[in-house]
Amino acid sequence: MKGYDHAKIEKKWPKEWQKNGLYETSDKAKGKDNFYLLVEFPYPSGNLHVGHWYAFAVPDILARFQRMRGKNVLYPIGFDAFGLPAENAAIKNKLNPRIWTLSNIEYMKNQIRSMGTSFDWSREVVTCDPAYYKWTQWLFLQLFKAGLVYRKETAVNWCPKDKTVLANEQVVNGKCERCDSEVVQKQMLQWNIKITDYADRLTEDLEPLDWPKEIKESQKNWIGRSEGAEIDFPLVFNEKKYTYVILHGFQGSPDRPRFHYWKAELEKQGHKVVIPALPNPDHPSEDEQVAAALAAADYDENTVLFGGSLGAVIAMKVVEQLKNPIAHLVLAGGFVDRNFKDKPRNFDKRFIWKFDTARIKKNTKSITILHDIHDTAISEQQITNLEKTLGIKAERVVAETPHFTGDKEMTVLMWLRPTIRVFTTRADTLYGGTYLVLAPEHPWVTHALEGKDDALKNRGEVQEYVEKAKGRTEIERSAEGKEKTGIRLAGVEAVNPATGKEIAVYVADYVLGHYGTGAVMGVPAHDARDNEFAKKYKLPVVKVVQPLSIRTTGMDALRPREMLVERDAVVAVIKHWAEDKFICLQWKDQPMRGFVTGGIEKGEDVVECGLREIQEETGYKNAKFIRALGDKVHAQFYSVSKQENRFGHYVPMYYELKDGERDEMSAEERALHDVVWLKRTEVRQFLNRPEMQVAWDRLNGTENYTGEGILANSDAFTGMRTDEARKAITDTFGQIKITYKLRDWIVSRQRYWGVPIPVVHCSSCGPVAVKDSELPVKLPEVKDYLPEGSGKSPLAKAEKWVQVRCPQCKGKAERETDTLDTFVDSSWYFLRYTDSKNSKKFADAKKMEPWMPVDLYSGGAEHTTMHLLYSRFWHKALFDLGLVKEPEPYRRRMNRSIILGPDGQKMSKSRGNVVDPDEVVRRLGADTVRMYLAFIGPYNEVSSFPWNPDSVVGVRRFLERVWRAQEHVGKTENVALENLLHKTIKKVGEDITAMKFNTAISALMIFLNAAEKERSLGKKQWESFLKLLAPFAPHIAEELWAASGQKKSIHQTTWPVYEESRLVGETVKIAIQINGKTRGGVEVPADADKGGIESAGRDAVAVRLEGKKILRTIVVPGRLVNFVVQE
RNA sequence: GCCGGAGUGGCGGAAUGGUAUACGCGCGCGACUCAAAAUCGCGUCUCGCAAGGGAUGAGGGUUCGAGUCCCUCCUCCGGCACCA
């Protein structure tokens, strides 16, 4: 017998397998169940590292195992081929990113093949292949047509020198990685997908999935649904009253419900409101309507003029003719020409579509333009024209009813005496709201900085703070030190709607602009962050929640079905007469550690009660009352001594002893608790009851109670429990609001190497989808791949490519030049695997349905909240469009661990600790590398394992021992090994299913150790063992299998079956414990009953039990006997 | 900062709430050998001569019994929306 020559074996078998098409998956296999095993496809970075082996070769064990178990297995692979590195390489080397990418793919394919992986290469998918991205574009357009896609101004990283958008990765310490200039945040119009519409379903549908709970938890928290309240805080900074003139539109009238609502709201604030009925609303003429509008009011510096739709045109004409400027002009759904998006109007001839913009600007102190991005009548182009004409950016909103900008209009009008809407999950603490904080990007802050109201007295300062905050990323803002910063808006106060008190208003960057309403109320008494902030800026703290703790565990846990007895009690914190020490009590009959406490008798004075209890419980005679420690504290628990449920209302009091004079304590008291003196630093540790801890914190001025409790200082709500009060206060002062942390998915990228967004911009039709027949919109060739320098994508350089005809009106139009986020590519690739060559559809339902949903998806933990959530969303959107049959794409998900360098650090070129798998494979073989990676640690837990070059040889040695074991194979089966073999079959199978490959391999090693010791094993036993080995080390197993005389490939045989009867021996070893400590062991028959086990155990430790009283005996058959004895 | 996870010998790790340290590496001793390598055998948490005691990041709790469940804290890892 020759030695184990891995190089020869690993060259020979893959050829055979490929020749026989061993791993090509058929769409339908007779009598077999389908099993779809998916691994995240790699980015073609150019070189395979050990991490790739870990990602592909280890799950391959499961794929091979499932095949042997008779499953029809789909185990596909492809490349996530668009992305930043290709573009960077292209810029650096002046090389086409396509060439760079495709050559990397070719190289990596060969490397992946060398792993002995059983991938079905006939289904390979490459995302930068137009045959693939045609369908990425098509699917994107389905979402676009379903109204799930919109454009919105969003902040991006901006390098002012290069004039380009930077990825987060390209920003290093707030500087551009290329030119080192300071990166700023810039607002740009970006394509968004409405993933937030699916937030609830993405949360709810997690529940039934067979996913690890920590992944579900992460996604749930990422989506971050929270039920809270929105409450309005009016701002106070001037008492100016305005006259509002509201001009309705075509076919409109002052009787529209929204006008009634506005009028009522504005008049409540003391403003005057005029809503003239404009003549002939169905056949309007300009002269008539403008005259009527002019006649309706005096226009002066206190006038606010609102025009909606055609009213906007009238409003502009009115302003044109004024002699003095008005305060404010609001144009909603306005336009400056006669191009209507939906249909021509019969009034357009009676209007002159010319405006004297200079006059309009001169005659208004400020102008606001509102535009619904889905407006049916007004196109994006028209709004752009209006913006250009007036030199003002419009505010784009998504309206409830198209064309009417709805809520937003009201907000704009109210700005003149604005209210700040706050989002809170703790409406119950409203009475404790002592200040207001706005995010630096809050619209009112922007508004105030523009100086329109003369509200701010410290504009310069605020401006500076806001600028600084906006330049920083979110993580920097919340992580920079722990110190919170903020700045007061001088001259502006807000009114707490509950207390009616005026409170300070701050701008602080710990409040995020895009979460909730971008404004929070500060409740320093009951929120940790607010507390910190209030301390720093010396803001008032008002406590409105009395703590309530409800014991739910332990022997003093509330007994749910029993009565609750209410008692008032005193808690006495007592200080030593000379030292900085305090009296604490350690109870004996229950797990309670705290201060002196006792019930207040009827009619008894609280202070006196405390003095009495001190004497009774500690014996000290001369205590002096110093002060009360705030409000009551409540607790619900089961009193062990009184044997009833208690609802205690505690009054915390502070006493000092004058001297050490002390009576002997009664025997009764001594039996209840010990008196201990503790230093100030030891007390907090010692206390184990929240009500006691609160008393202590109050003494030290460190109280910050954020839990549930009972309301105080809250008018009619005082006495309510916090959960009831949340509802009641929300109903009275605000409304319920559900918010999510999840934000819409920004898919725009100003980059070359991505999927072109298949949209055309037309001056009259707005953004229009490219026709299906025109797909794919192929990436144009450009001279170089540097960004445009104007903020546009490099695609804008392909000038000819950009110029197209509008698919709708055939007029001149321009192509969208942004490309799609690569997460879009990877949101559906697993569908394409099921029908990768289809040119008519993204995948044929008949081919897709037998495989979906994916049975097991294995990948990195870093994808938990982004790729995994995006693809779940994408799939749900396709489900709603009827394009897929199931609402969830992945039945089971598993996060893999990561492999570190030999030094325990993350592998990276800069650290120089990158392990080259090719070199190890040459030296030790692919089977060794596969198996070592599987053996290194549990695959199904997120952890990290350093690659240990010494340990690899252990696995190599194991394979060499397997090779040599051939010598011991004989004709007759070895009876001594039979039971172990069956146990091993069971263990290996179960462990592979659970992806615990390390313990499966350990079981194989244990079997081989035993077989070597025996120096003989039967042919059948040997062949069973080889089958168990085959998924792990496919090459050597195949070679030995063939050497054993088998003709068919081992990978096409079936997995061995174990016999239940072979799993248990005749006797079992039982542990004997005394008081839970192991004191010996005894061998008993496997079927021994409890009595038999107990007496055997008693005999075994008879010496130790001598003279001891056995209180209890616990017998766990097959495991142990535990004698509980009196010490 | 927020969210999720981990912490067990010299190292990677094993352990349905039931005899902690399986399996592998390393190390020590021995066999084979002229010798070395390879291989095989034995040993290897710690204190103790022993009897026995102690140990799963720290501290506390629940339990007959805790590496495992609960609370507080420490350290490390992953994610935080344009790396993929």
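Chain naming here is simple, since letters A, B, ... match the order of the sequence lines and numbering starts at 1 in each. The model shown is predicted, which means the values in this text are computed figures rather than measured ones.
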Notebook entry, point to check: In whole Å, what is the span from the CH2 atom of A:Trp753 to the P atom of B:A84?
Noted result: 13 Å
Check: Between B:G4 atom P and A:Gln219 atom CD, what is the distance in whole Å?
Finding: 13 Å
Margin query: Please classify the nucleic acid contact of A:Leu742 as base, sugar-phosphate, or nothing, using heavy-atom distances under 4.0 Å.
Written below: base
Next item on the list: Run the salt-bridge test on A:Lys194 and A:Asp744 with the 4.0 Å N-O cut-off and return the result as yes or no.
Entry: no
Note to self: Would you say A:Arg1119 places a side-chain N or O within less than 4.0 Å of OP1 or OP2 belonging to B:U19?
What the structure shows: yes
Margin query: Taking atom types as they are modelled, would you say the side chain of A:Gln170 forms a donor-acceptor pair with the base of B:C82 within the 3.5 Å cutoff?
Written below: no
Note to self: Once you apply a heavy-atom cut-off of 4.0 Å, does A:Glu214 come out as touching a base, just sugar-phosphate, or nothing?
What the structure shows: sugar-phosphate
Item checked: Nearest-angstrom distance from the residue atom NE2 of A:His863 to P of B:G5 -> 19 Å
Check: Hey, does A:Pro938 reach any base, or is it just sugar-phosphate, or nothing, if we go heavy atoms under 4.0 Å?
Finding: sugar-phosphate
Check: Is any side-chain N or O of A:Asn168 under 3.5 Å from a base N or O of B:C82, one able to act as donor and the other as acceptor?
Finding: no
Notebook entry, point to check: Starting at CZ of A:Phe945 and ending at C1' of B:G78, how long is that distance when rounded to a whole Å?
Noted result: 14 Å
Note to self: Can you tell me which residue among A:Lys152, A:Arg749, A:Gln750 is in a side chain to side chain donor-acceptor pair (under 3.5 Å) with A:Gln190?
What the structure shows: A:Gln750
Notebook entry, point to check: For the pair made of CG in A:Asp821 and C1' in B:C83, what is the distance, rounded to whole Å?
Noted result: 11 Å
Next item on the list: Run the salt-bridge test on A:Glu990 and A:Lys983 with the 4.0 Å N-O cut-off and return the result as yes or no.
Entry: no
Checklist line | OP1 or OP2 of B:C11 under 4.0 Å from side-chain N/O of A:Asn948 | finding: no
Check: Taking the P atom of each, how far is B:G5 from B:A51, in whole Å?
Finding: 44 Å
Next item on the list: To the nearest Å, give me how far apart CH2 (A:Trp222) and P (B:C3) are.
Entry: 13 Å
Notebook entry, point to check: Is any side-chain N of the basic residue among A:Lys1090 and A:Glu1094 closer than 4.0 Å to the acidic one's carboxylate O?
Noted result: no
Check: So, for A:Pro44 and A:Ile105, which heavy atoms are closest and what is the spacing to 0.1 Å?
Finding: CB-CG1, 3.6 Å
Margin query: At less than 4.0 Å, is any side-chain N or O atom of A:Lys996 found next to OP1 or OP2 of B:A15? Yes or no.
Written below: yes
Notebook entry, point to check: For A:Asn221, which contact category applies under a 4.0 Å heavy-atom criterion: base, sugar-phosphate, or nothing?
Noted result: sugar-phosphate
Check: So what does A:Ile1114 touch, heavy atoms closer than 4.0 Å: a base, only the sugar-phosphate, or nothing?
Finding: base
Margin query: Can you see if the side chain of A:Arg743 gets near the phosphate of B:C80 - specifically, an N or O under 4.0 Å from OP1 or OP2?
Written below: no
Note to self: What contact category does A:Ser45 fall into here, base, sugar-phosphate, or nothing, at under 4.0 angstrom with non-hydrogen atoms?
What the structure shows: nothing
Next item on the list: Select base, sugar-phosphate, or nothing to describe what A:Arg961 touches, counting heavy atoms under 4.0 Å on all strands.
Entry: sugar-phosphate
Next item on the list: Please give the nucleotide sitting opposite B:C29 as a Watson-Crick or G-U wobble pair, both distances under 3.5 Å, or none.
Entry: B:G41
Note to self: Just N and O in the side chain of A:Asn1009: are any of them under 4.0 Å from OP1 or OP2 of B:G24?
What the structure shows: yes
Margin query: Does A:Arg872 qualify as a cation-pi partner of A:Trp211, given the criterion of NZ or CZ under 6.0 Å from the six-membered ring centre and within 45 degrees of its axis?
Written below: yes
Checklist line | Side-chain N or O of A:Thr822 closer than 4.0 Å to phosphate OP1/OP2 of B:A84 | finding: yes
Checklist line | G-U wobble or Watson-Crick pairing nucleotide for B:G12 (cut-off 3.5 Å, both distances) | finding: B:C23
Check: For B:G7, does the O4'-C1'-N9-C4 (purine) or O4'-C1'-N1-C2 (pyrimidine) torsion place it in syn, i.e. within 90° of 0, or in anti?
Finding: anti
Next item on the list: May I ask you to say whether A:Glu960 pairs ionically with A:Arg956, meaning some side-chain N is under 4.0 Å from a carboxylate O?
Entry: yes
Note to self: In whole Å, I'd like the distance from the CG atom of A:Leu512 to the C1' atom of B:C3.
What the structure shows: 14 Å
Notebook entry, point to check: Within the structure, does a side-chain N or O atom of A:Thr1078 lie under 4.0 Å from either OP1 or OP2 of B:A20?
Noted result: yes
Note to self: So A:Ile1006, base contact, sugar-phosphate only, or nothing? Heavy-atom distance under 4.0 Å.
What the structure shows: sugar-phosphate
Next item on the list: Taking the six-membered ring for Trp and the full ring for Phe, Tyr or His, determine whether the centres of A:Phe830 and A:Phe41 are under 6.0 Å apart.
Entry: no
Check: Just how far, in rounded Å, is P of B:G24 from OH of A:Tyr932?
Finding: 15 Å
Check: Within the structure shown, what part of the strands sits under 4.0 Å from A:Val171 by heavy-atom distance: base, sugar-phosphate, or nothing?
Finding: nothing
Notebook entry, point to check: Ignoring hydrogens and angles, does a donor from either the side chain of A:Gln1073 or the base of B:G18 sit under 3.5 Å from an acceptor on the other?
Noted result: yes
Check: If you look at every strand shown and take non-hydrogen atoms under 4.0 Å, does A:Phe823 touch a base, only sugar-phosphate, or nothing?
Finding: base
Next item on the list: Check every strand shown and say whether A:Gln190 touches a base, only sugar-phosphate, or nothing at a heavy-atom separation below 4.0 Å.
Entry: base
Margin query: OP1 or OP2 of B:C82 versus the side-chain N and O atoms of A:Arg749: is any pair under 4.0 Å?
Written below: yes
Margin query: By the 4.0 Å heavy-atom rule, please label A:Arg957 as base, sugar-phosphate, or nothing.
Written below: sugar-phosphate
Check: Are A:Asn998 and B:A14 close enough that a side-chain N or O sits under 4.0 Å from OP1 or OP2?
Finding: yes
